[in-house]
Amino acid sequence: MIRFENDYAEGTHPRILKRLIETNEEQTPGYGTDEHCENARTYIRKACDAENADVHFLVGGTQTNMTIISSILRPHQGAVAAITGHIAAHETGAIEATGHKVLTLLSEDGKIQAEQVKELYEAHWNDVTHEHIVQPGLVYISHPSENGTTYSKSELEELSKVCRECGLPLFMDGARLGYGLVSKDSDLSLADIARLCDVFYIGGTKIGAMFGEAVVIMNDSLKKDFRYFIKQKGGLLAKGRLLGIQFETLFEDGLYYEISNHAVEMAMMIREAFVEKGFSLKYDSKTNQQFPILPNEVLMKLGKKYSFSMWEKVDATQSVVRFCTSWATKKENVELLIEDIKKLEYGCVNG
């Protein structure tokens, strides 16, 4: 079985494994206070053009989202997110478990826009009974979105402007940030994100690391006591250098961008094959996630050899599925898939 259902099916980039082995018997202080973590922080600050950024290392995405959001919100506040956002749809109520509601906004493509946030904010404060209603306390977005779409610089600038006018911290989930940064549709840089967001994180788990996410806090008011929050949520790794070494390796010479670009190139090959065969795409994603709409008979044929994720049913005869590439996707496996797509015979289309 050739797997395309997620971007964490493989283990760790060989250069990271090599570095972990080379440093295995080093003795270092714990909890992220070692030299490797500090080197990684320096590389990340440089990549973000943000010397004043606080950088912290956590283990996984849900833990990171929960820790950041619960550290910012007061007890009566909630997190604003797209209805398809990860915290709303795929985190088993982790945010709600901390006592905070997720306030969802409708979205066709996985993104939310500045005017939606402003409307929600004004609707809350214009309601004469607003003290009886969960107050919006921050805005959560992801880049790429859950549906593989990306924010443009102008979209993020407008969103950031509204958030600052409303006093709502803007938090970007960057679990797949590398794949968004190298997308041909995206004109955002890490420096732009650092300038426009109050806090974000750089995903490692899905982009070459064995595990790990790097939190970047830009807003000074959110920096105080953040390590206390990490510890309380079980995220302060005793062997913190294992996180530092991984991000040190990813950012010392551009490996993060190099392997992100590989995944997107593989995904674009798959996208082109489906489009050339006449299939429609649910979302216009130029990242490592592709969402073709396929007849059930095609799903059965491809499913004998390839794994992919079921996304949503369109009707009784067809569904949206996700093909996902990663930093480690082999080109020869993509070429095999493309050949099998070309050979497909179904319905009224001649293979």
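Scope of the values below: all heavy atoms of this structure, side chains included, with no hydrogens, waters or symmetry mates.
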Could you grab the distance from atom [atom1] of [X] to atom [atom2] of [Y], nearest 0.5 Å is fine?
X	Y	atom1	atom2	answer
Q116	K111	CD	NZ	11.0 Å
C37	Y31	SG	OH	13.0 Å
E213	L243	CD	CG	9.0 Å
Y306	I341	OH	CD1	8.0 Å
L188	Y151	CG	OH	10.5 Å
D54	L222	CG	CG	10.0 Å

Side chains of [X] and [Y]: closer than 4.5 Å at any heavy-atom pair?
X	Y	answer
N6	R322	yes
P144	T287	yes
I72	V199	yes
H36	T23	yes
L294	Q318	no
M172	L156	yes
K233	M66	yes
Y256	I207	yes

Is [X] reaching over with its side chain to a backbone N or O of [Y], donor-acceptor style, under 3.5 angstrom?
X	Y	result
Q246	L242	yes
H76	V134	no
T205	G212	yes
R271	S285	yes
E38	D34	no
S160	L196	yes
S152	E155	yes
S326	D7	no
T104	A81	no
K101	A79	no

Stepwise ring pair (Phe, Tyr, Trp, His ring centres under 6.0 Å) test for F247 and F57: CA-CA 9 Å; F247 280 95; F57 302 105; 5.5 Å; yes
For [X] and [Y], does a side-chain donor sit closer than 3.5 Å to a side-chain acceptor?
X	Y	result
S183	D185	no
T42	N39	no
Q77	H100	no

Looking only at heavy atoms, what is the nearest atom pair of [X] and [Y], with distance?
X	Y	answer
G137	L168	C-CD2, 3.8 Å
W327	P14	CZ3-CD, 4.3 Å
R45	A53	NE-O, 2.7 Å
R241	E26	NH1-O, 3.0 Å
G208	I16	O-CD1, 3.4 Å
I87	E91	CG2-OE1, 3.3 Å

Between F226 and F229, what is the ring plane arrangement, given parallel below 30°, perpendicular above 60°, and tilted in between? tilted
For [X], look at atom [atom1] and say whether over 12 heavy atoms of other residues, nucleotides or ligands are found less than 6.0 Å away.
X	atom1	value
K46	NZ	no
E51	CD	no
E122	CD	yes

Have a look at P292 and tell me which of L281, V275, L299, V298 forms a side chain to side chain contact (heavy atoms under 4.5 Å, CB included) with it. L281
Criterion side chain to side chain contact (heavy atoms under 4.5 Å, CB included) against D253, the qualifying member of T249, L255, L250: L255
Side-chain heavy atoms nearer than 4.5 Å, only ILVMFWY residues, links allowed to pass through others: does that put [X] and [Y] together?
X	Y	value
L17	F211	yes
I83	Y283	no
L181	Y179	yes
I230	F171	yes
L336	M266	yes

Passing option when F323 is tested against W311, F279, F274 for ring pair (Phe, Tyr, Trp, His ring centres under 6.0 Å): F274
Set of residues satisfying side chain to side chain donor-acceptor pair (under 3.5 Å) with respect to R3, sequence neighbours excluded: E5
N261 vs E258, side chain to side chain contact (heavy atoms under 4.5 Å, CB included): CA-CA, chis, key distance, verdict: CA-CA 5 Å; N261 196 61; E258 177 186 328; 6.0 Å; no
Please lay out, stage by stage, how E115 and K118 fare under the test salt bridge (Lys or Arg N to Asp or Glu O under 4.0 Å). CA-CA 5 Å; E115 58 267 24; K118 189 169 185 179; over 6 Å; no
How far apart are the C-alpha atoms of N65 and T62, what are their side-chain angles, what is the distance that settles it, and do they pass the side chain to side chain donor-acceptor pair (under 3.5 Å) test? CA-CA 5 Å; N65 287 334; T62 298; 5.6 Å; no
Residues passing the salt bridge (Lys or Arg N to Asp or Glu O under 4.0 Å) test with K161, sequence neighbours excluded, are none
Holding to salt bridge (Lys or Arg N to Asp or Glu O under 4.0 Å), I want the full list of residues that pass it with K206, two or more places apart in sequence or in another chain. none
Audit row: S145, N147, side chain to side chain donor-acceptor pair (under 3.5 Å) steps and yes/no: CA-CA 5 Å; S145 75; N147 299 325; 5.0 Å; no
May I have the step-by-step check of salt bridge (Lys or Arg N to Asp or Glu O under 4.0 Å) for E252 and R19, ending in yes or no? CA-CA 12 Å; E252 63 187 348; R19 187 72 62 86; 2.5 Å; yes
Between the side chains of K282 and E312, is the shortest nitrogen-to-carboxylate-oxygen separation below 4.0 Å, so that they form an ion pair? yes
Could you go through E157 and K153, starting from their C-alpha distance and side-chain angles, then the distance that decides it, and tell me whether this counts as salt bridge (Lys or Arg N to Asp or Glu O under 4.0 Å)? CA-CA 6 Å; E157 285 174 340; K153 187 187 296 187; 5.6 Å; no
